[in-house]
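In what follows, a structure is listed as structure tokens, so that the remarks can point back to it.
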Amino acid sequence: MPATRVAAAVSGGAVNPLLARGLPFAIYMAFLAVAPVAAGMFPAVDIRWLYPVKVAVVAGALALLWRAFSELKPFRLSPTEALWALAAGAAVFVVWINLDLPWVSVMSNDSGSGYDARTADGQIDWLLAVLRIAGAALVVPVMEELFWRSLVMRWLDRHDFLAAEPRSISLRALLTSSVVFGVEHHLWLAGIIAGLVYGELYRRSGNLWLPILAHGITNGLLGIWVLWSGQWQFW
């Protein structure tokens, strides 16, 4: 759908709710699919810059569709909810870095170096690093929680998912969406655990901002840890 038609639909309040929550995620996945092809076709180009481009396009799609995200309005997050989200996000981070094992990952650490933000002389390219962390902590959580928790998890119970009360989401929907969310990541077991934590936050609170904040904390801490430890495979 052309951008002008999407914008017109949003401004008129007629945008399809499934499209609104699925399109930013589809854009993100399309960039992931294109990246290795682009790397092969243009070996002289630093493909790492495709990440900030991808995040910028996804952020633009989210901004364009923002009026359709009724579950994010108004912003509400009590101090207690914020503490739960912070604790959950930190716990998932700890689990994530300790489940870097061959039997729980799609690939071993030796088969890929991840997103290495260093220059040719081994120094960290801080512009690349900051853009990577910002995208992972600020944009990706909004995009993924809208798709996996607000859309997929509720849709598994009711195809008119906007009518599904988050607190009434079934255990089957939580488990199924978490497993699929997990296999989207190369550390699939850590991904499943993360999906369960974020999904349960949504089920218990009915507030999508909790899993968004928790997801952002996990990704932000992971980025800081990667820069500190040099464990680029986690990116």
Considering residues, nucleotides and ligands other than [X], do more than 12 of their heavy atoms fall under 6.0 Å from its [atom1]?
| X | atom1 | answer |
| --- | --- | --- |
| Trp225 | CH2 | yes |
| Phe75 | CZ | yes |
| Trp84 | CH2 | no |

Rounded at 0.5 Å granularity, tell me how far [atom1] in [X] sits from [atom2] in [Y].
| X | Y | atom1 | atom2 | value |
| --- | --- | --- | --- | --- |
| His215 | Met143 | NE2 | CE | 8.0 Å |
| Tyr115 | Tyr51 | OH | OH | 8.0 Å |
| Trp155 | Leu162 | CH2 | CG | 14.0 Å |
| Leu227 | Leu222 | CG | CG | 9.5 Å |

[X] and [Y]: same hydrophobic cluster, using ILVMFWY side-chain contacts below 4.5 Å?
| X | Y | answer |
| --- | --- | --- |
| Met29 | Leu151 | yes |
| Val53 | Val130 | no |
| Val37 | Phe31 | no |

Polar side-chain atom of [X] near backbone of [Y] as donor-acceptor pair, under 3.5 Å:
| X | Y | answer |
| --- | --- | --- |
| Ser150 | Phe147 | no |
| Arg132 | Asp116 | no |
| Trp148 | Met153 | no |

Exercise. Mind checking whether Trp66 and Phe69 have parallel, tilted or perpendicular rings, split at 30° and 60°?
Worked result: perpendicular
Exercise. Salt-bridged, Glu71 to Arg149, with N to O below 4.0 Å?
Worked result: no
Exercise. Hey, is Asp157 close enough to Arg172 for a salt bridge, meaning N to O under 4.0 Å?
Worked result: yes
